[in-house]
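This one's a predicted model, so the numbers in the text were calculated from it and none came from an experiment. Lettering of chains follows the sequences in order, A, B, ..., and the numbering in each one begins at 1.
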Amino acid sequence: MSLKIHNSLTRQKETFQPIKEGKVRMYVCGVTVYDFCHIGHARSGIVFDVIYRYFKHIQKTGGLEEVIYVRNFTDVDDKIINKANQDGKTCREISEKYIEEFYRDMDALGLLKPDVEPKATDHIPEMISIIEKLIEKDHAYQAGNDVYFDINSFSPYGKLSGKTVEDLLAGARVAVDEKKKDPGDFALWKGSKPGEPEWDSPWGKGRPGWHIECSAMGQKYLGEYFDIHGGGKDLIFPHHENEIAQSHAATGKVPVKYWIHNGFVDINKEKMSKSLGNFFTIREVLKEVNPETLRFFLLSSHYRSGIDFSEQVLKDARIGVERFYRTLQDLMSLQTKGGSEREQNDPRLELILSTHKRFFEEMDDDFNTAAAIGRLFEWVRAVNSLLTENPSLLLANRDKILQDFRDMSFVLGVFQQDPGRHFEKETEARLAKLNMDRREIARLIDERAKARKNKDWAGSDAIRDQLAAKGIVLEDKPDGTVWKFQ
RNA sequence: GGCGCCGUAGCCAAGUGGUAAGGCCGAGGUCUGCAAAACCUCUACCCCCGGUUCGAAUCCGGGCGGCGCCUCCA
C-alpha cells in the first residue's frame, strides 16, 4: 500500500501509515436522523464508502489484515426533538423512521455496510463516563444542570479548524450564555427541559451534547487513538474540533491520526443546505436517473472539491455510465474470433492491461477518483477500438481484462451489475414512464423491416422518426434491429 | 471582521516546477439505404499584473471574481 491522504489536521498530503501494522480503523460521522437524506449526504456516504472499498480491496490482495469501519447515527438532537413535536411523535419514532429511510437510500446507492453502526442513545453511559473524567481533570465544569467543556483548559484547541479562542470571540457570532465561563465553551451535557428525552446522570436528568457521542463511540469501537476520522467539511468546526478537545483532554492522547473531510455538493456554486432550501433529496434524484449515475457523477470530481449539481452534468454522467455498460456488454458477449491475426503486442492491449495499475496509482493519490475514472475511459476507448479492429486479441485476454475491471469497478462501486440486466432495468423504467410496452415497439420494428425489405426508405424512416420522438433509437445490426432509449 | 478554499477549452474536470489526463457537446471521416452505436482525426496562449527560475497552470507578491467556515449542517 502506497497511499497518500490529505490530512485536514496538517493541511498536507501525507503518506498513510496505519497505527497498527496491517490494520485500518476508520470512523465517519453519519447523519442526524430527522429527515430524508439529500445528495450532500449521498456524497459523504459515497466518498467514505469508496475509501472503505479501497481498503477492502487492499485487504483482499493481502496488503491489510483488517479494516474496521464505524459510522454512527445521531439519534438525539434538537432537530429530532423539534421534528417529533411537530409530527406529534416520539423522538424514537422519528429516529427509527429516518434510519430506515437512510438505509433505503444508501442501499440503493450501493453503499457497503460499515462494520459497526452505533447509535448515540445506546452509548449514554460511555458518554457520562468521559464527561466525569473531564470534570475530574478540570476540563469541564457543571453550571446548573448543564456541563460545559472549558476550551481555555485545553491549549491545542483550534488546531484542526485553524482558529484560536480569540478568533472565535472576534467572530461575535457565538451565543453569549451567562452560564459559560467562555462563550466558546460547549455543552457536554444538557439538563433536560420538559418534553425532551432524558437520561439519569450525576448532574441530574438530561441529555448529551452533540459532540460527546462521537468521542464515546469512537473510543469504544476503535480505541483511544485510531487511524482515520471522516465527515463533511462543515463538521470541522465545531464538531470535530470539539471532539478532539474532549477525547484528547479525557485520555491524554491525540485521538485521530488522519482527518478526512469531503467537500459540498453545490447548486449554482452555493452549498446545498436545508436552510437555503436548495437541496434535492436522494430519492428525488433517483426518480430521474439510476443510482449508479448519481454515484458516478459524485465520484467524477475530487472528494475535497465542491461539486456543482445540475441537470447537464447529471446527463453527462448518465451518458458515461451507459457507455461503460455498452462496452462491457460487447466485450462479454464477444464470441467468434474476428479480425486479422496481428502481432500480440498491440499498444491498445498494453494500455488495457496496464489500466489496473494506473487506476490504483490515481486512487493511491488521495483517492483521486476523478483521475481514476479518466483512466477507465481510456480503457473503454481502447477496448472498443480492439473490439472493432482486432477482437481475437481481446478474446484471448478477456478473463484477465474482466477481472481487472471488476477490481476497479468494485472500488468505485459502479458497474456492478450484469450489463444485460442494467439495460433491462433502464428500459423497464423508461417504458413505465412513457406507458408503452415492448410489443408495440416490436410491431413497429417489424413493420419497418418490411418497408426496408421493399426499399421503402420513406416508410422505414417514418417509423424510425416516430419512435425517435419517444426517445427510442434503433440500431440496425447484421442480425436484426435492436432498440434502446436515448 | 477573523480563518480558509477555488478560478484550467462552449460545459464538466484531473494535473503542485519541464511545456496541458479524461468526459460531454461540436466539426470532418470510416461503417450504413440513410441512420444509430463504435472507431479514427480535429478543438486550451491554464482570471489579470508583477516576481523567482534555464524553465511556472503549478512557487512568491498584488489585484479582480466566486465560495466556504466562524451558528444547526454531509
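Comparing B:U16 with B:C11, their C1' atoms are spaced 26 Å from each other, to the whole Å. B:G33 sits 27 Å from B:C24 when the P atoms are compared, rounded to a whole Å. For the P atoms, the distance from B:C34 to B:U43 is 29 Å, rounded to whole Å. Here, B:C47 and B:U58 have their C1' atoms 15 Å apart, quoted to the whole Å. When the C1' atom is compared between B:A57 and B:C46, the two are found 4 Å apart, to the nearest whole Å. B:G55 sits 12 Å from B:G51 when the P atoms are compared, rounded to a whole Å. For B:G62 and B:G1, the P atoms lie 16 Å apart once the distance is rounded to whole Å. Rounded to whole Å, the P atom of B:U8 lies 16 Å from the corresponding atom of B:C49.
Outside the 6.0 Å centre-distance limit, the rings of A:Y221 and A:F226 are not counted as a close aromatic pair. For an aromatic pair to be called close, the ring centres must be under 6.0 Å apart, and A:Y98 with A:Y34 fails this. The aromatic ring centroids of A:Y69 and A:F55 lie 6.0 Å or more from each other. Separation of the A:Y303 and A:F48 ring centroids does not fall under the 6.0 Å cut-off.
The nearest whole Å value for the distance from the CZ atom in A:F296 to the P atom in B:G23 is 10 Å. Atoms CZ (A:F237) and P (B:C72) sit 9 Å apart, rounded to a whole Å. A:H6 has its NE2 atom 13 Å from the C1' atom of B:U16, to the nearest Å. One interatomic measurement links the two molecules: CD1 of A:I267 to P of B:C67, which rounds to 14 Å at whole-angstrom precision. The CZ-P distance, from A:R304 to B:G68, rounds to 19 Å in whole Å. Counting to the nearest Å, the C1' atom of B:C70 and the CG atom of A:L160 are 13 Å from each other. In this structure, A:D234 atom CG and B:G4 atom C1' are separated by 15 Å, rounded to whole Å. Look at NZ on A:K269: it is 12 Å from C1' on B:C47, rounded to the nearest Å.
Ring orientation note: the planes of A:Y54 and A:F360 are tilted relative to one another, at an angle of 30° to 60°. A:F102 and A:F73 have perpendicular rings, their planes meeting at more than 60° on a 0 to 90° scale where under 30° would count as parallel.
Using a 4.0 Å heavy-atom cutoff across all strands shown, A:G45 reaches no nucleic acid atom at all. Among the heavy atoms of the strands lying under 4.0 Å from A:N384 are primed sugar atoms or P, OP1, OP2 only; no base atom is included. Residue contacts for A:R448: at a heavy-atom cut-off of 4.0 Å it reaches a base atom on one of the strands shown. A:S310 comes within 4.0 angstrom of nothing in the nucleic acid, heavy atoms only. The residue A:V265 sits close to a base: some heavy atom pair falls under 4.0 Å. Within 4.0 Å (heavy atoms only), A:H239 reaches no atom of the nucleic acid at all. A:R326 comes within 4.0 angstrom of sugar-phosphate atoms only, judged by non-hydrogen atoms across all strands, and of no base. Within the nucleic acid shown, A:G320 has no heavy atom closer than 4.0 Å to any nucleic acid atom.
For the OP1/OP2 pair of B:A38 and a distance below 4.0 Å, the side-chain nitrogens and oxygens of A:R381 include no atom meeting the criterion.
One distance of note links OH of A:Y103 with CD1 of A:I99; it measures 7.0 Å at 0.5 Å rounding. Between the CG atom in A:D456 and the CZ atom in A:R448 there is a gap of 11.0 Å [rounded to 0.5 Å].
Taking the ring axis of A:F410 as reference, the NZ or CZ atom of A:R53 stays within 45° of it and closer than 6.0 Å to the ring centre. Judged by the 6.0 Å and 45° rule, A:K163 forms a cation-pi pair with A:F237.
The stretch residues 463-483 of chain A comes close to RNA chain B through A:R464, A:L474, A:E475, A:D476, each having a heavy atom under 4.0 Å from the strand. Within residues 73-82 of chain A, the residues approaching RNA chain B are A:K79, by heavy-atom distance under 4.0 Å.
Each of A:S460 and A:H211 was assigned the nucleotide of RNA chain B with the nearest heavy atom; the assignment lying further toward the 5' end belongs to A:S460. RNA chain B is contacted by both A:W457 and A:E362; A:E362 maps to the nucleotide lying nearer its 5′ end (nearest heavy atom per residue).
Contact record, A:F324 with A:V380: CE2-CG2, 3.2 Å, taken as the closest heavy-atom pair. Of all heavy-atom pairs between A:N278 and A:S273, the closest is OD1-N, 2.9 Å.
The side chain of A:D316 lies closest to B:G23, out of B:G23, B:C39, B:A21. Minimum atom distance to the side chain of A:E378 is reached by B:G22, of the listed B:G22, B:C25, B:A14.
Residue ring and nucleobase are not stacked for A:F264 and B:G68 under a centre distance beneath 5.5 angstrom and an angle between planes beneath 30°.
Remark: B:A38 base-pairs with B:U30. Criterion, Watson-Crick or G-U wobble with two distances under 3.5 Å. Checking B:G61 for Watson-Crick or G-U wobble geometry (two distances, each under 3.5 Å) identifies B:C49 as its partner. With a cut-off of 3.5 Å on both Watson-Crick or G-U wobble distances, the partner of B:G4 is given as B:C67. B:U19 makes up no base pair with any nucleotide shown, lacking Watson-Crick or G-U wobble contacts both under 3.5 Å.
Side-chain polar atoms of A:Y325 and A:E426 form no donor-acceptor pair below 3.5 angstrom.
Within 3.5 Å, no donor on the side chain of A:S161 pairs with an acceptor on the base of B:G4, nor the reverse. No N or O donor and acceptor, one from the side chain of A:R323 and one from the base of B:G23, sit under 3.5 Å apart. Side-chain N/O atoms of A:D461 and base N/O atoms of B:G33 include a donor-acceptor pair closer than 3.5 Å.
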